[in-house]
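Below you'll find the structure, written out as structure tokens, and then a few comments.
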Amino acid sequence: MSDPVLLPNSEERRVLLARAAELVEAVFAGQPDWPVVDAGITAESVRERLAHYDFAAPQVGRVVLEDVFGLLRNFGLHVGHPGYYGLFNPTPGFMGVLADLLVAAFNPQLAAWHHNPAAVEIERLLVRYFAQAFGLPPAAYGHFTSGGSEANLSGVSVALARRYPQLASAGLRALERQPVLLASEESHHSLDKIAQQVGLGRDALIRVPVQGLAAGMDPAALDAALARCRRDGLDPFLIVATAGTTNAGVIDPLRAIGERCRQEGLHLHVDAAWGGPLILSDRLRGRLNGIEMADSITFDAHKLLSVPMAAGVFVCADKDWLSAAFDLDPAYVPRSAAAGMDNYRLSAQFSRRFIGLKLFMTLATAGREGMARTIEQQVDMGRRLAVLLEADGWTVVNGDQAALVCFENPDWAGLETEERGRRYLAIAAHVVAGGGSWISVTRTVGRPVLRACVTSYRTREADLDRLVQALREARTHA
Ligand SMILES: *Cc1c(COP(=O)(O)O)cnc(C)c1O
């Protein structure tokens, strides 16, 4: 009998796996010397490389493996490069890569506890470990998500279910007043999408001003916004505080916001997609003061915890709120022996990948202290970068944030906003074209700035020097 099409024989599997191991090693060993990205990539060039895949004749596994490696190597941005100062995407830790290989091989289904008690219990352990680290009560529970965006959706869903039990069956039309949620003007854009997705509409997201470039939500402005909502007949049900804005890494005043939420009986969701893992560091944890007042929290393992994408986490203070938002009881799913542990009744997903294993294996091998050191190292490199940039004539505008530096050229302060934005784009493009570093441009509090975030645990002083040098050259060309 011939081998099944999808399963090469044992000898061939070993050959393929050995080669795959070599290729993975080539990524970890070689990536720091590759260009971060080939700035000349075009849609046409990638499509041309893919053109021979018409799937008419089967190809040999070895050939496809080599070809795909070349595609990923030559036609992508290397977020694992120590010179990638990017959009929070980490260099993956090695154990996380192994974890994903195992997950793919076992293909465990985490929808229901009975399909893989080991996997569900590993995720339970992690969720409770982090909930406890954040200072949430013993009843806290949560689930893994595809990322911070989905975790924020869980947060809004739970807050709605808590406040409006009638919503589950009757929908928004059962409500007398328009529910609104409040978040800072620098909060993540996933909230706009979520407001639309849950049927509230984007106008239901009320943006509260921040106190400045280096400070988070203004509590006085929050009070004023709440008062305005009430005056206008709107019904605030949720405040989303951000712990580490995407633009500038700024953490909202969590305690002050938490106190408002307690006084007003509002759900507090903390979007700590970036900043949440600081909780593991004795040195940095204080920046999250007040997060223990949260009713729910988002954090991403695929950012500061350096696990491969995609790995977000949602935790909330009471497991019953998850049931209120997500529970149902379909006929075809057998009951689990461990009552109340079925993920499909506690989250939006049914088929569920074993997202938690890469975090489990990373944390188990690094230990909390090792993980904390890794995070501190990135934060220290961010601090160091800020010092080097200031010494080279740039002005850092976002204060001392965890690993993230927003900066501008003070000589251009008198230029129009649009012109400054154009020049910063030109600078970023020049740096990226050099191949040694990758940075970007953003607007924080309406102001165009250059943005560099230390997202790799491999970034060292020499990498920072290379970036500063590239920026110096780029400035003269802008
Ligand atoms: C990254 C981020 C998100 C979105 O997370 P994804 O994992 O990209 O879906 C949400 N909020 C903040 C503050 C973030 O930094």
Side-chain angles (χ1 to χ4, degrees), residues 77 79 84-90 92 96 130 134 142-159 181-198 205 207-208 210 215-217 238-254 257 268-279 287-288 291 294 296-315 347-349 353 355-356 358-359 375 378-379 382 398 401-406 440 442-445 451-456:
L77 200 163
V79 300
Y84 172 72
Y85 301 92
L87 308 181
F88 291 157
N89 309 297
F130 278 93
F134 286 124
H143 50 251
F144 280 77
T145 65
S146 59
S149 300
E150 188 196 336
N152 282 344
L153 175 58
S154 292
V156 174
S157 303
V158 160
L181 63 157
L182 295 90
S184 94
E185 58 179 317
E186 290 284 292
S187 61
H188 193 260
H189 53 75
S190 56
L191 297 174
D192 294 290
K193 280 193 202 173
I194 291 164
Q196 180 178 355
Q197 278 175 291
V198 300
L205 171 59
R207 300 280 189 174
V208 180
V210 297
M217 188 192 286
L238 163 67
I239 296 178
V240 179
T242 307
T245 59
T246 320
N247 287 328
V250 174
I251 297 174
D252 282 340
L254 302 178
I257 298 171
L268 171 63
H269 178 72
V270 179
D271 178 1
W274 172 248
L278 300 178
I279 205 74
R287 298 189 184 207
L288 296 173
I291 200 166
S296 55
I297 300 171
T298 284
F299 72 96
D300 269 338
H302 64 213
K303 289 178 178 169
L304 268 176
L305 294 173
S306 298
V307 313
M309 284 177 274
V313 188
F314 174 73
V315 286
S347 67
Q349 297 182 17
R353 181 182 167 81
I355 300 168
K358 48 201 170 191
L359 178 57
I375 294 166
Q378 280 178 231
V379 172
N398 66 328
Q401 311 304 336
L404 207 165
V405 188
C406 293
S440 58
T442 190
R443 271 176 190 250
T444 179
V445 199
R451 177 188 183 282
C453 186
V454 179
T455 59
S456 174

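Because the structure is a prediction, the values reported are computed rather than measured. Only this structure's heavy atoms are used, side chains among them; waters, hydrogens and symmetry mates stay out. Just follow the structure's listing: the first ligand is 1, and inside any ligand the first atom is 1.
Near Phe88, the atoms of ligand 1 lying under 4.0 angstrom from a non-hydrogen atom of the residue are 15 (O). Against a heavy-atom cut-off of under 4.0 Å, Thr246 is close to the following atoms of ligand 1: 12 (C), 13 (C), 14 (C), 15 (O). Using a 4.0 Å cut-off to heavy atoms of Gly244, the atoms of ligand 1 that qualify are 13 (C). Under a 4.0 Å criterion applied to the non-hydrogen atoms of Asp300, ligand 1 contributes the atoms 1 (C), 5 (O), 6 (P), 7 (O). Contact atoms of ligand 1 toward Gly148: 4 (C), 5 (O), 6 (P), 7 (O), 9 (O) (distance under 4.0 Å to a heavy atom of the residue). Of all atoms in ligand 1, listed by their number and element, those nearer than 4.0 Å to a heavy atom of Asp271 are 10 (C), 11 (N), 12 (C), 13 (C). Each of the following atoms of ligand 1 lies closer than 4.0 Å to a heavy atom of Gly147: 7 (O), 9 (O).
Counting only heavy atoms from C-beta outward, the side chains of Ser456 and Tyr84 never approach each other to under 4.5 Å.
Looking at His302 against ligand 1, only its side chain comes within 4.0 Å, counting heavy atoms. Within the 4.0 Å heavy-atom criterion, the part of Ala273 lying near ligand 1 is the side chain and not the backbone.
Between Gly86 and Thr455, the closest heavy-atom pair is O-CG2, 3.8 Å. The minimum heavy-atom distance linking Pro277 with Asp300 is given by the pair CG-O, 4.0 Å.
For the pair Ser149 and ligand 1, the shortest N or O to N or O distance falls below 3.5 Å. The shortest N/O to N/O separation between Ser190 and ligand 1 does not fall below 3.5 Å.
Ligand 1 lies less than 4.0 angstrom from a heavy atom belonging to Lys303. Within the 4.0 Å heavy-atom shell around ligand 1 one does not find Gly312.
For Phe134 and Phe299, the distance between ring centers is under 6.0 angstrom.
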Pair Ser187-Arg207, side-chain hydrogen bond (donor to acceptor under 3.5 Å, both in side chains): steps then yes or no:
CA-CA 8 Å; Ser187 61; Arg207 300 280 189 174; 2.4 Å; yes
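None of Val240, Thr242, Leu268 except one satisfies the side chain to side chain contact (heavy atoms under 4.5 Å, CB included) rule with Ile257; the exception is Leu268.
By the 30° and 60° cut-offs, the orientation of the rings of Phe88 relative to Trp274 is parallel.
With hydrogens and angles left out, the side-chain atoms of His269 and Asn152 include a donor and acceptor closer than 3.5 Å.
Panel note: side chain Asn398, backbone Cys406; a donor-acceptor pair is recorded below 3.5 Å.
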